[in-house]
Amino acid sequence: MPVSARQCWKRAIGNRFQEIAGSERLSVSTPERLYRQGFVSGKDTSRFFDNFNTEGPSAKHFGRSDIRDMVDIALAAFLLIGIPMLVVWRERSGIRRSRIARYRSAVLMISGCLSVLALQWAFANRNASALGLRLPPTKLGWICLLGAALLMATLAVAARRKEDVSAKDADDPFPQTTVERAGYILFAFAAGSGWEILYRGFLLWFLIPLVGIVAAIGLAVLAYGVAHGIKDRRMLMASIASALVFTTAYGVTHEILWLMLIHTGLPLIALMAPREQPS
């Protein structure tokens with residue numbers, strides 16, 4: 001029987017995957033390994049991936065290189081599946097938590113993920129620019145930072161002119177006491193920097209060589225949106241839409257500092273808006 005082109009392609013991919021799985025382990029992570037060995041086409045990822053410096057030390061300096069692979073995979077799985085499932089479970093269980101408890105758990109989760117990522121990057125001797133963290137920023141990075149600062153300043157002025165908004169119930173995310181305000185500010189900085197590095201910087205670094213830039217952005221956006229909850233459909237769609245804008249912006253610029261500024265600034269600006277204290 002004649003074999004279709006699609007079947008030939010699937011068979012070739014399967015054979016290539018087996019070759020990679022049985023080949024000698026390299027000293028770099030799984031995404032870089034697949035990219036370099038030709039399992040993933042570089043047509044739509046080479047320009048983006050050229051900016052990455054993922055070279056790690058040789059295996060003899062750190063043990064087996066697949067240990068680093070497993071940490072990368074575990075962290076990516078936690079971001080793509082673990083956190084969204086945890087959020088959905090909490091919503092369905094009907095557990096009501098105080099504002100300060102929500103701030104605290106989010107800060108601890110973000111801090112834990114960032115700690116794992118930092119240790120992984122240090123042991124693998126990877127460059128921070130692979131996550132979009134360029135210091136000093138490039139010319140494009142400075143332009144983006146300037147634009148983000150102007151945007152935040154404009155929104156801050158507009159927020160101060162809004163009419164008073166009252167907190168409706170315990171589900172309102174905005175703080176009502178001094179302690180809650182301190183927790184909220186800490187949460188804003190943690191989420192604004194941490195989620196950008198994790199869901200934009202790390203996930204795209206991990207996914208693009210595996211599935212291509214379009215699918216990588218789609219997976220990261222969907223996971224990030226669901227991680228904000230699915231109970232409120234309008235909020236879910238808003239989270240997905242904002243994640244699409246942020247992730248696409250990072251995919252185009254490969255600069256993350258300006259996105260961190262915006263992500264941190266937006267919740268702080270919302271806090272600046274006049275709010276009536278509940279009686």
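Basis for what follows: all heavy atoms, side chains included, without hydrogens, waters or symmetry-related copies. Because the structure is a prediction, the values reported are computed rather than measured.
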Please say yes or no: joined through hydrophobic side-chain contacts below 4.5 Å, possibly via intermediate residues, are Leu108 and Leu86 part of one cluster?
no
Of all the heavy-atom pairs spanning Ala149 and Leu261, show the shortest one and how long it is.
N-CD2, 3.8 Å
Tyr184: which residues meet the ring pair (Phe, Tyr, Trp, His ring centres under 6.0 Å) condition with it, sequence neighbours left out?
Tyr103, Phe174
Mind checking what makes side chain to side chain donor-acceptor pair (under 3.5 Å) contact with Ser105, not counting sequence neighbours?
Arg97
Which pairs, with at least one residue in residues 136-148 and sequence neighbours excluded, count as a side-chain hydrogen bond (donor to acceptor under 3.5 Å, both in side chains)?
Thr138-Glu255
Report the distance from atom CD1 of Ile240 to atom CE of Met235, rounding to the nearest 0.5 Å.
12.5 Å
ILVMFWY network linking Ile81 to Leu203, side-chain heavy atoms under 4.5 angstrom:
yes
Would you say Phe189 has more than 12 foreign heavy atoms packed within less than 6.0 Å of its CZ?
no
Treating Ile, Leu, Val, Met, Phe, Trp and Tyr as nodes and any side-chain heavy-atom pair under 4.5 angstrom as an edge, say whether Leu140 and Trp258 lie in one connected cluster.
no
Between His254 and Tyr250 (side chain of the first, backbone of the second, donor and acceptor by atom type, cut-off under 3.5 Å), is there such a pair?
no
The reported gap from CD1 in Ile110 to CG in Leu198 (rounded to nearest 0.5 angstrom) is 8.0 Å
Strictly distance-based, threshold 3.5 Å: is any side-chain N or O of Ser242 a donor or acceptor partner for the main-chain N or O of Ser239?
yes
Does NZ or CZ of Arg104 lie under 6.0 Å from the centre of the six-membered ring of Phe187, at an angle within 45° of the ring axis?
no
Short N-O contact, Arg99 and Glu180, less than 4.0 angstrom:
yes
